[in-house]
**Student:** 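I have a structure I would like to understand better, so I am pasting it below and will then ask my questions one at a time.
This is a predicted model, so every value here is computed, not measured.
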Amino acid sequence: LSTDRTVKVMNILEKNIQDGSKLSTLLNHNNDTEDEERLWRDLIMERVTKSADACLTAINIMTSPNMPKAVYIEDVIERVIQYTKFHLQNTLYPQYDPVYRVDPHGGGLLSSKAKRAKCSTHKQRVIVMLYNKVCDIVSSLSELLEIQLLTDTTILQVSSMGITPFFVENVSELQLCAIKLVTAVSNF
C-alpha cells in the first residue's frame, strides 16, 4: 500500500477505536428484562470487540517493518491507549478481581479478602477474548515504544497502564505483558 492509503486506513481505524472506547460493558438496568439486558450487553460487546480489533490492526501496522513516519499518527496511538486504559479499568479489572467491582446497591463494606472469597472464577467467553486482545495490545505497545518516539503525556499514560496490573489479582498474562511495557518505558 502507498503511504497515503495506509494513513487513510489508520484514520478509519481510529474512528472504529473511538466507537467502543467509552462503552461500559457492566450494565445493570433494574427495569430491563433479562433478555433486554442480554441483547444490550451483546450489542455493546460487539462494538467493544470491533474496537479492540481496530486497535490491534493499527498497532500491527505501526509495528510492521519499514513503515513510513507518516503512519505513526499520534491521535491513533492516543486513542489506542485511551481504549485500553478504559477497558482495563471498567471491564477487565472488575471481571477478574472483585475488589475493583462497584456494588450497584451502594452498601455493604466488605474487605478485599471477603470480596475475593465470594467471587466466582467463571468468565464469559467474550470477556476472555477481550482480555486476550488487550494483552496483545499492551504487548504491541511495548514494541511500538521501541520504534517510535512518543510525547511525554503519552508516555505517562502508557506507564500508568503498565504499572496498574501489578495491583490486580488473576491477570497474570496481562502482568507479563505489562512487564514488557514497563521495561520499554524505562528504556525510553
**Student:** Please name the residue in the list Asp53, Thr84, Thr49 that meets the side chain to side chain donor-acceptor pair (under 3.5 Å) test with Lys133.
**Tutor:** Asp53
**Student:** Do Leu156 and Leu145 land in one hydrophobic cluster if side-chain heavy atoms of ILVMFWY residues count as linked below 4.5 Å?
**Tutor:** no
**Student:** Give the minimum heavy-atom separation between Pro94 and Arg101, together with the two atoms involved.
**Tutor:** O-NE, 2.6 Å
**Student:** Which side-chain N or O atoms in residues 70-81 pair as donor and acceptor under 3.5 Å with protein atoms at least two apart or in another chain?
**Tutor:**
unit_1	atom_1	unit_2	atom_2	d
Tyr72	OH	Met62	O	3.1
Arg79	NH1	Gln82	OE1	3.2
Arg79	NH2	Glu14	OE2	3.4

**Student:** Any chance the side chains of Ser160 and Lys85 put a donor and an acceptor closer than 3.5 Å?
**Tutor:** yes
**Student:** Dump the intermediate steps for side chain to side chain contact (heavy atoms under 4.5 Å, CB included) on Phe167 and Tyr93, then the final yes or no.
**Tutor:** CA-CA 10 Å; Phe167 300 102; Tyr93 294 161; over 6 Å; no
**Student:** So how far is it from Leu174 CG to Thr164 OG1, rounded to the nearest 0.5 Å?
**Tutor:** 9.5 Å
**Student:** Between Glu46 and Lys50, is the closest basic N to carboxylate O distance under 4.0 Å?
**Tutor:** no
**Student:** Checking side-chain hydrogen bond (donor to acceptor under 3.5 Å, both in side chains) for the pair Thr6/Thr3: CA distance, chi angles, key distance, verdict?
**Tutor:** CA-CA 5 Å; Thr6 308; Thr3 301; 6.0 Å; no
**Student:** Hey, could you give me the CE/CH2 distance between Met45 and Trp40, rounded to the nearest 0.5 Å?
**Tutor:** 15.5 Å
**Student:** Say you draw a straight line from OH of Tyr96 to CD of Glu169; how long is it, rounded to the nearest 0.5 Å?
**Tutor:** 14.5 Å
**Student:** Under a 3.5 Å distance rule, please check whether Arg47 uses its side chain to pair with a backbone N or O of Leu23 as donor and acceptor.
**Tutor:** no
**Student:** If you look at every heavy atom in Cys177 and Cys135, which pair is closest and at what distance?
**Tutor:** SG-O, 3.4 Å
**Student:** Do Asp42 and Arg38 sit within salt-bridge range, that is, some charged N less than 4.0 Å from a carboxylate O?
**Tutor:** yes
**Student:** I'd like to know if the side chain of Asn170 and the backbone of Asp97 have a donor-acceptor N/O pair within less than 3.5 Å.
**Tutor:** no
**Student:** Can you tell me how far CD1 of Ile137 sits from CG of Asn132, rounded to the nearest 0.5 angstrom?
**Tutor:** 11.0 Å
**Student:** Can you tell me how far apart CE (Met10) and CE (Met67) are? Round to the nearest 0.5 Å.
**Tutor:** 9.0 Å
**Student:** For the backbone of Gly20 and the side chain of His87, can you confirm whether one donor and one acceptor N or O come within less than 3.5 Å of each other?
**Tutor:** yes
**Student:** Tell me whether Leu56 is reachable from Met129 by hopping between hydrophobic residues (I, L, V, M, F, W, Y) whose side-chain heavy atoms are closer than 4.5 Å.
**Tutor:** yes
**Student:** Show your working on side chain to side chain contact (heavy atoms under 4.5 Å, CB included) between Glu146 and Thr63 and close with a plain yes or no.
**Tutor:** CA-CA 9 Å; Glu146 295 171 5; Thr63 57; over 6 Å; no
**Student:** Within the distance-only criterion (no hydrogens, no angle test), does the side chain of Tyr83 pair as donor or acceptor with the backbone N or O of Val48 below 3.5 angstrom?
**Tutor:** yes
**Student:** Which atoms form the tightest heavy-atom contact between Ile17 and Ala58, and what is the distance?
**Tutor:** CD1-CB, 4.5 Å
**Student:** According to a hydrophobic-cluster definition based on side-chain heavy atoms being under 4.5 Å apart (Ile, Leu, Val, Met, Phe, Trp, Tyr only), do Ile59 and Phe86 belong together?
**Tutor:** no
**Student:** How long is the gap from CG on Leu144 to CG on Leu149, to the nearest 0.5 Å?
**Tutor:** 10.5 Å
**Student:** Test side-chain hydrogen bond (donor to acceptor under 3.5 Å, both in side chains) on Tyr131 and Glu173 and set out the steps.
**Tutor:** CA-CA 9 Å; Tyr131 174 76; Glu173 296 88 357; 2.9 Å; yes
**Student:** Same cluster for Ile147 and Val158 if Ile/Leu/Val/Met/Phe/Trp/Tyr side chains link at under 4.5 Å?
**Tutor:** yes
**Student:** Under a 3.5 Å distance rule, please check whether Asn16 uses its side chain to pair with a backbone N or O of Ile12 as donor and acceptor.
**Tutor:** yes
**Student:** Quick one: does any side-chain atom of Ser140 pair with a main-chain N or O of Asp136 as donor and acceptor, under 3.5 Å?
**Tutor:** yes
**Student:** Among pairs that include at least one residue of residues 179-188, which meet side chain to side chain donor-acceptor pair (under 3.5 Å), considering only residues two or more places apart or in two chains?
**Tutor:** Ser139-Lys180
